[in-house]
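Reckoned from all heavy atoms, side chains included, excluding hydrogens, waters and symmetry mates. So that the names make sense, note that chain A is the first sequence line, chain B the second, and so on, each numbered from 1.
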There are 2 protein chains.
Amino acid sequence: MNDNDQDAGRAAARPKRADARRNEKALLEAAAAVFVSSGVEAPIRDIAAKAGVGTATIYRHFPTRADLIVAVYRHQVEALAEAGPALLASGETPHAALGRWADLFVDFLVTKHGLAAVLQSDDSCFDPLHSYFLDRLLPVCTQLLDAAVASGEIRPGQDAYELMRGVGSLCAGAGSNLRYDARHLVGLLIAGLGRAR
Amino acid sequence: MNDNDQDAGRAAARPKRADARRNEKALLEAAAAVFVSSGVEAPIRDIAAKAGVGTATIYRHFPTRADLIVAVYRHQVEALAEAGPALLASGETPHAALGRWADLFVDFLVTKHGLAAVLQSDDSCFDPLHSYFLDRLLPVCTQLLDAAVASGEIRPGQDAYELMRGVGSLCAGAGSNLRYDARHLVGLLIAGLGRAR
DNA sequence: AGGGATTACGGGACGTTGTTCCGTTTAGTT
DNA sequence: AACTAAACGGAACAACGTCCCGTAATCCCT
């Protein structure tokens with residue numbers, strides 16, 4: 001739950017050195033800042049420079065770029081995962097809850113420059129990112145989808161994985177394009193699931 | 001119409017040199033082959049090597065990668081553009097015609113490894129590609145959309161540009177993923193345009 | 001057909017980025 | 001204080017896009 005406790009309760013593993021902990025924190029903060037200004041595909045050197053460390057230090061702490069991205073956004077993804085059941089319990093219809101959850105997902109993705117694009121990439125370098133998002137969010141999406149099917153609002157036979165990828169794809173197309181409203185398109189997609197026609 | 005006639009009817013412009021024409025043709029064939037095997041983002045050097053020319057020759061004929069891509073796929077895009085009015089005249093409802101046209105668009109994009117992704121990129125290097133697709137296909141999509149609105153099948157106020165970007169985005173997410181069916185998702189998107197609900 | 005002007009060519013040079021290696025430094029331990 | 005192992009920093013290497021410049025081919029004119 002907490003990602004600051006490197007050693008809590010584990011006597012066997014030696015605690016990380018103080019400078020290592022310091023650098024990891026600096027790296028996370030630098031990465032968060034650089035991701036905002038230059039997107040998640042910013043050059044490794046930029047992040048290292050901002051954190052005041054060498055490039056190799058990044059690789060030591062976060063073997064792949066995906067690991068770094070996961071670490072930076074972990075909290076927000078967790079929040080997204082917890083929002084699913086909450087929306088389902090909020091009294092709306094399941095289909096509406098699914099739509100609201102999709103909107104949260106979209107808002108998260110479009111504000112993280114380039115994240116959606118990277119999420120769609122099939123470069124194996126991003127596998128850890130892929131896995132994390134899937135592990136954490138796919139069950140939530142599945143639950144919402146199942147509920148909407150059970151309530152009779154949408155047709156059965158829809159695949160939650162495919163739906164999530166679809167939403168991710170639509171967000172990836174956003175860029176900084178004024179004439180492209182990812183929320184609107186995702187709304188159409190969710191509406192298209194509906195039983196009506 | 002024909003892209004082999006460099007000089008037809010234009011006395012002012014001197015015709016291209018024979019070796020230049022030869023290289024341009026070799027380049028187009030090499031690019032088509034490499035795009036199939038390695039995707040549209042294959043290294044310039046690979047294409048040059050396959051065509052048996054130097055790298056600078058590519059830049060001379062096709063200043064940006066986008067120009068090369070456009071040249072390779074021009075015929076298919078033209079066919080796509082012409083299919084729009086044909087579908088509209090085929091007796092189906094306009095909404096159905098729009099769906100059919102979208103399917104053709106999807107089939108085109110998903111069979112061109114990486115093309116959809118590049119189409120969504122906001123890298124200015126791809127501006128010519130962007131412009132070409134838009135110039136050629138946006139009017140067609142607009143016509144289909146307007147017809148569907150006029151027939152009362154879909155809600156007004158939908159933007160054809162946004163819709164096309166959405167379809168492109170959904171195709172870009174395909175990769176070589178077995179659990180992702182771009183056609184299905186695009187179908188949902190088009191269905192979501194419907195007036196029903 | 002021959003010569004000169006021009007067009008086009010080829011490949012190497014440069015800058016950027018990801019990734020790895022290795023000598024050096026620093027934190028923790030005794 | 002000395003020793004050990006973890007961690008560091010930056011240089012080195014590779015891949016790629018892009019551009020430059022000396023060289024070669026083509027075309028036009030006489």
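- Protein atom CZ of R60(A) is 12 Å distant from nucleotide atom C1' of dT25(C), rounded to whole Å.
- Using a 4.0 Å heavy-atom distance criterion, A56(A) is classed as a base contact.
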Walk me through it: do L98(B) and L193(B) pass the test side-chain contact (heavy atoms from CB on, under 4.5 Å)? CA-CA 11 Å; L98(B) 177 59; L193(B) 292 169; 4.0 Å; yes
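- Atom CZ of R21(A) is separated from atom C1' of dG28(C) by 11 Å (rounded to the nearest Å).
- Donor-acceptor pairing under 3.5 Å, judged by distance alone, is present between the side chain of R17(A) and the base of dA6(D).
- In this model, no side-chain donor or acceptor of T64(B) finds a partner on the base of dG17(D) within 3.5 Å.
- Note: CZ (R22(B)) to P (dA25(D)) measures 11 Å, nearest angstrom.
- Of the possible donor and acceptor atoms, none in the side chain of S38(B) sits under 3.5 Å from a partner among the backbone N and O of F35(B).
- With respect to the salt-bridge test (charged N to carboxylate O, under 4.0 angstrom), the residues E24(B) and K16(B) qualify.
- The side chain of T55(B) sits closest to dC19(D) out of dG9(D), dC19(D), dA8(C).
- At whole-Å resolution of the value, NZ in K16(A) and C1' in dG28(C) are 16 Å apart.
- Counting to the nearest Å, the C1' atom of dG17(D) and the CD1 atom of I58(B) are 11 Å from each other.
- Distance CG (D19(A)) to C1' (dA6(D)): 8 Å, rounded to an integer number of Å.
- Between D19(A) and R17(A) there is a salt bridge, since a side-chain N of the basic residue sits under 4.0 Å from a carboxylate O of the acidic one.
- Taking the charged nitrogens against the carboxylate oxygens, R100(A) and E92(A) do have a contact shorter than 4.0 Å, which makes a salt bridge.
- In this model, the phosphate group of dA7(D) is not approached by any side-chain N or O of N23(A) to a distance below 4.0 Å at OP1 or OP2.
- For NZ of K50(A), the number of neighbouring non-hydrogen atoms (other residues, nucleotides, ligands) closer than 6.0 Å is 12 at most.
- Ion pairing between a basic and an acidic side chain is recognised when a charged N comes within 4.0 Å of a carboxylate O; R136(B) and E78(B) show such pairing.
- Comparing Y59(B) and A18(B) against DNA chain D, the residue whose closest nucleotide sits nearer the 5' end is Y59(B).
- Contact between the side-chain N/O atoms of H61(B) and the OP1/OP2 oxygens of dA8(C) is not found at any separation under 4.0 Å.
- Listed by residue number, R45(B) are the residues of residues 25-51 of chain B with a heavy-atom contact under 4.0 Å to DNA chain C.
- Between L68(B) atom CG and dT18(D) atom P there is a gap of 12 Å when expressed in whole angstrom units.
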